[in-house]
Protein chains: 2
Amino acid sequence: MKPDSKIQSVARAFTIVDILAEAQDGLALNEIASRMSLPKSTVHGLISTLKDFSYVEQSVFTGKYKLGVRFFEVGNIVAQGWEVRTVAAPYISQLLEELGETVHLVVLDKMEVLYIDKRESRHSLRIVSQIGTRLPAHCTGVGKVLMAHLTPEQRAELISKKGLPRLTRNTLTDPEALKEELAKVKRQGYAIDNEEIMDSLRCVAAPIRDQSGNVISAISLSGPVGRLNGKSLEKAIKRVKETAEEISARLGYRSNRSLRLLVSGSVFPL
Amino acid sequence: MKPDSKIQSVARAFTIVDILAEAQDGLALNEIASRMSLPKSTVHGLISTLKDFSYVEQSVFTGKYKLGVRFFEVGNIVAQGWEVRTVAAPYISQLLEELGETVHLVVLDKMEVLYIDKRESRHSLRIVSQIGTRLPAHCTGVGKVLMAHLTPEQRAELISKKGLPRLTRNTLTDPEALKEELAKVKRQGYAIDNEEIMDSLRCVAAPIRDQSGNVISAISLSGPVGRLNGKSLEKAIKRVKETAEEISARLGYRSNRSLRLLVSGSVFPL
DNA sequence: AGATGCAATTCGATAATGCCGAACGCCGTT
DNA sequence: AACGGCGTTCGGCATTATCGAATTGCATCT
């Protein structure tokens, strides 16, 4: 549960949501009540209020409760609030069509990488990911890109809050090594995740800037090391960087390079 | 506000969410309080609880409140709960690539058509739609498909609850005419929305069945009447029907026809 | 700089409201 | 026919949300 918030009943209602979010199939009232160590009747009052607003649904057959459609509706309103998501959509589709590997769009939220959109590869061997999930920053390509553009203070805060847990043989767990890596990432304008979060998985990531030049988001292309190497890796780096620059240009970021891209004519109509 | 729900404070919290969902840019505390006719301090308590759980964010600069990322996260969990969405994803992408027009995936929820996924056309002239929004059933292709497979009682309930409001010249507003249209839709296995919700917009829609044969969802292809006519309309009807059948087959629906489709080999790997 | 105004917060007394245990009703099972 | 497990309802009690007033914090104006 979150820090003891002002309004008890509202906090409890959202704790119910947290519990339902973990359960794939619905949960029985008893189950929820016992997990919260509260009487059934208390939970019932809260959950029926959630039901009234369609934040929770109850199965007609089993009586079990699960998350309701209103979360989907409101969640999409939030998604529409990210301008970068709308703008990037056709570009990341294009990237998938060209290179055939899974593409992700992410932002940094609460010191973690939040996946806000994706286009999935059609290869049988592909990573499975889910929009709306979070991953640690230090061991993902997109995470390193975003960290590279933080202030030193923010970066220190991130590391002290989240640590640098090892997930694979290659994970950078030493702050100094990570610092050097981030400097390199910033210099070359892209990051590579070389099996740092998951064995056999390689990613190429590049930063997206808004009109004030701040790095607000990142895209990545992910595939198995067997496919993402040599010439294909080089092409991936080139195209991911270019695509990120095109998206930044569309968001109003005007570098010399992106100006040239704009005049030379874009793939997609305004 | 919804029917006076059990727990006042929880209901009020969600009313705040409803208000924020309508406002594109954030809202000031004062504004929210006055819209709810409640004292600022009451709203403040509620909203800071929402903030603690990331259901609401507050701008550091303006102090205004807007919906938070947690809605996006939970909304995506709900989205993953629709098996049809996962299964249909590659098929509707394929449909867009082949025909170049916007594709939608919908379900019927509370007597309305709820858009749960889409692939957007790259034509400059295209309909703009948003996932997570609702449209009336009687004047959309997908809506007519879904209505056609309701029981007469459910259909009567839908009409009595929602009415048959006229949106264009072509909207079917007469219950008898609609009944005949739905019989035709059920017979031929697809529906056409011929400028019934919006001028110049034509849609082709077909039903998706689960393994028990119930129609649980529908897909549609939408484009301007200028592009969706003659031969291209015929092709659209053929491909939309086929795609809907392929998706149904993947969901476990075994008709004679879909069995043939499965053995002949599918485009996408299992 | 200082003053002014506006808006977000905090505080504390009041009583309204949410809380909880017990009782009910509804299946499916023994 | 009795049982057990479940969601649901009820009503008295006291905890808890509520609300007006006071306070802080931030910009802008003088």
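As the structure is a prediction and not an experimental result, all values here were calculated from the model.
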task = In plain terms, say whether B:Lys162 and B:Glu112 are close enough for a salt bridge, that is, a side-chain N and a carboxylate O under 4.0 Å apart.
result =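 Looking at B:Lys162 and B:Glu112, the cut-off is met.
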
query = Do the charged groups of A:Arg134 and B:Glu73 touch, with an N to O distance under 4.0 Å?
reply =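 Salt bridge: yes.
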
task = Determine to 10° how strongly the helix from C:dA1-D:dT30 to C:dT30-D:dA1 is bent, judged from the axes of its five-pair ends.
result = 30°

Output one line per pair: protein atom, nucleotide atom from nucleotides 15-18 of chain D, and distance, for all N/O pairs under 3.5 Å.
from	atom 1	to	atom 2	distance (Å)
D:dT16	OP1	A:Gln8	NE2	3.1
D:dA17	OP1	A:Gln8	N	2.7
D:dA17	OP1	A:Ser9	N	3.1
D:dT18	OP1	B:Arg12	NH1	3.1

Expected rows: protein N/O vs nucleotides 24-27 of chain C N/O, under 3.5 Å:
none

query = Is there a side-chain contact between A:Leu27 and A:Tyr65 (heavy atoms, below 4.5 Å)?
reply = no

note = Between B:Lys118 and B:Ser129, the two heavy atoms sitting closest are NZ-O, 2.7 Å

How many whole angstroms separate atom [atom1] of [X] from atom [atom2] of [N]?
X       : N      : atom1 : atom2 : result
B:Leu29 : D:dG20 : CG    : P     : 14 Å
B:Leu27 : C:dA8  : CG    : P     : 10 Å
A:Lys51 : D:dG7  : NZ    : P     : 11 Å
B:Lys64 : D:dC26 : NZ    : C1'   : 16 Å

ask   = What nucleic acid atoms does B:Tyr65 come within less than 4.0 Å of, heavy atoms only: base, sugar-phosphate, or nothing?
value = sugar-phosphate

message = Looking at B:Asn76 and B:Ala79, would you say the former's side chain and the latter's main chain have a donor-acceptor pair under 3.5 Å?
response = no

query = What nucleotide, of D:dT8, D:dG20, C:dG21, holds the atom closest to the side chain of B:Ser41?
reply = D:dG20

